[in-house]
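Below is one structure, written out as structure tokens, with a few remarks after it.
Residues: numbered from 1 along the sequence shown.
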Amino acid sequence: MKHTPSALLLIFLLSGCLKNNVVLDYSGIQPIVLIPDSNWPARGSSATPLTDSIKGTTLLNLYAKVSYVNALDKNVLVKFVPDNDLITAYNAQWGTDYKLLPDSCYTVNSLELTIPAGTKQASLPVTLIPSKINGQYDYILAYTISQAGTSTIASNFKSMIFTLKGQ
């Protein structure tokens, strides 16, 4: 019983004036353009390669996103480039021998997309032509964001690799 008053005193002292009003200040943060489902470089030691089957795959979407608290009030032009160095790095990391998908096996209208003002994301369709793809091989396409208007490009979410497994 004699510990009860000291316990109450301890609770009273420890419950002092805590400031729980956190004010988030985003004023110094600039918009960053990234690929939201970026898969290269592989993250973590347990990461595994992502692979789609050639059979039945006809469309790949390459996304770009503005990572910011609100959508921007201006268009953002994002430019992608094919990145064959990523293919070499991918094959070396996973011990694979994916071949670059020949240009005749897919179409892409442009490697530029616009994220419209008031939105945060847009996609660039890459259409596969299954009848021209030799199913006995495994293929790969790799793209990296090279420009994003005046916005910063995320250094760790700027590349996407599409792997297509043959038979």
Pairs flagged by side chain to side chain donor-acceptor pair (under 3.5 Å) wherever residues 100-111 is involved - sequence neighbours left out: Asp103-Tyr106
Can you tell which of Ile35, Ile161, Leu62 makes a side-chain contact (heavy atoms from CB on, under 4.5 Å) with Tyr143? Leu62
Please list every donor-acceptor pair under 3.5 Å in which a side-chain atom of residues 112-130 meets a protein atom from a residue at least two apart or in another chain.
from: Thr119; atom 1: OG1; to: Pro116; atom 2: O; distance (Å): 2.6
from: Lys120; atom 1: NZ; to: Tyr68; atom 2: O; distance (Å): 2.5

Mind checking whether Asn84 and Leu100 have side chains closer than 4.5 Å, heavy atoms only? yes
Taking every non-hydrogen atom, the tightest pair across Val66 and Val76: CG2-CG2, 4.2 Å
Within the 4.5 Å heavy-atom criterion, are Leu164 and Leu101 side-chain neighbours or not? yes
Inter-residue atom distance Leu86.CG - Ser159.OG, 0.5 Å rounding: 4.5 Å
NZ of Lys158 to CG of Asp83, rounded to nearest 0.5 Å, is 8.5 Å
From OG1 (Thr96) to NZ (Lys165), nearest 0.5 Å: 8.0 Å
Do Pro82 and Leu111 make a side-chain contact, defined as non-hydrogen atoms from C-beta onward lying under 4.5 Å apart? yes
Compare all side-chain heavy atoms of Leu72 with those of Pro31 and state whether any distance is below 4.5 angstrom. yes
Is a donor on one side and an acceptor on the other found under 3.5 Å between the side chain of Ser151 and the backbone of Ile32? no
Tell me, do Asp138 and Asp97 make a side-chain contact under 4.5 Å, heavy atoms counted? no
Decide yes or no for Asp37 and Met160: does some side-chain heavy atom of the first lie under 4.5 Å from some side-chain heavy atom of the second? yes
Nearest 0.5 Å, please: how far is OG in Ser155 from CG in Leu34? 10.5 Å
Connected via hydrophobic side-chain network under 4.5 Å: Tyr63 and Val78: no
Centroid-to-centroid, Tyr139 to Tyr98, below 6.0 Å? no
Are any non-hydrogen side-chain atoms of Ile140 and Tyr90 less than 4.5 angstrom apart? yes
Going only through I, L, V, M, F, W and Y residues with side-chain contacts under 4.5 Å, is there a path from Phe80 to Val108? yes
Answer with yes or no whether the side chains of Thr150 and Lys74 bring together a donor and an acceptor at under 3.5 Å. yes
If you group Ile, Leu, Val, Met, Phe, Trp and Tyr by side-chain heavy-atom gaps below 4.5 Å, do Leu77 and Ile153 land in one group? no
